[in-house]
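Shown next, in structure tokens, is the structure this report addresses.
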Amino acid sequence: MAGGVADEVKLLGHWGSPFVTRVKLAFHLKGVSYEYAEEDLHNKSELLLRSNPVHKAVPVLIHNGRPICESQVILQYIDETFDGNLLLPADPHERAVARFWAAYIDNEMGAPWEKAYRARTAEERAEWMKQIVAAVDALEGGLRECSKGKGGFFFFGGGGVGYVDVVLGSLVPYVHAAVVLSGDRLFDAGRTPLLAAWLERFGELDLAKAVLQDVDKVVEYSRAIYARNAAGVTS
Ligand SMILES: N[C@@H](CCC(=O)N[C@@H](CS)C(=O)NCC(=O)O)C(=O)O
């Protein structure tokens, strides 16, 4: 296992990015110290362009000079490389199920959410939000499946925070911001009671308090992105 004082651990990020937030959550859970470099996504650093030439996106983890890209790949690398509680379950079938739901969150919630952010009009954005709501309904079953037999439907990891919780946890400020921005209560106590309880429980963690962005700041940031997209600004 790595993570000693001699290790160079650097994270290239952007404060608003949920993909970056999940890496910060994993480092916090593992107790890994790291150097953080904030990127200007409109004027990317040479280091970012060199380290992630394919996507030119954050997060990038640079461990002892070697870059690792894509947030879920980074999470799995952290899990395999650094000491501390494992994020993914030890059982291969449970690991596969956790990976399934983590991919589902990015593909079925994250992707339409990104489209909603790029929408030119409020109507177009509302259509994408409908898709996200449908995905959240399916995710309610995922929480039931992942946490069953582990002493309550607390977290996807069972009694404690695991891989899927970290992936979903990174979206928590955006889930709260959606209520302010559009009135969409994605994790609703009536429709998805397990996820609504999960949202509350996750928010109470010291981990969440230490790492997650301030919701008001996310609302302000989101409004600025909506305004840019409505005005047709592309860069
Ligand atoms: N699939 C990637 C998504 C990363 C991503 O989309 N990052 C955004 C910030 S939220 C980015 O850096 N975009 C580059 C740009 O805006 O040019 C991951 O999981 O890491």
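Counting convention: from 1, in listed order, for ligands and their atoms alike. Predicted, not measured: the structure shown is a model, and the values here were computed from it.
- One side chain, E145 or W101, offers a donor N or O that lies under 3.5 Å from an acceptor on the other.
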Check each N or O atom of ligand 1 against all protein N or O atoms and list the pairs under 3.5 Å, with atom names and distances to 0.1 Å, one per line.
residue, atom, partner, partner atom, Å
ligand 1, 1 (N), E70, OE1, 2.9
ligand 1, 1 (N), E70, OE2, 3.4
ligand 1, 7 (N), V58, O, 2.8
ligand 1, 12 (O), V58, N, 2.8
ligand 1, 17 (O), K44, NZ, 2.6
ligand 1, 19 (O), S71, N, 3.3
ligand 1, 19 (O), S71, OG, 2.7
ligand 1, 20 (O), S71, N, 2.9

Verdict with reasoning, H63 to Y77, per ring pair (Phe, Tyr, Trp, His ring centres under 6.0 Å)
CA-CA 10 Å; H63 185 205; Y77 179 86; 5.7 Å; yes
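- Residues meeting the salt bridge (charged side-chain N to carboxylate O under 4.0 Å, His left out) test with E204, sequence neighbours left out: none.
- The minimum heavy-atom distance between L186 and T192, with the atom names listed, is O-OG1, 4.0 Å.
- Residues satisfying the side chain to side chain donor-acceptor pair (under 3.5 Å) test with S222, not counting sequence neighbours, are Y117.
- Within the structure, the side chain to side chain donor-acceptor pair (under 3.5 Å) test picks out the following pairs touching residues 160-187 (sequence neighbours left out): R22-S170, Q72-Y163, Q76-Y163, D165-W198, S182-D184.
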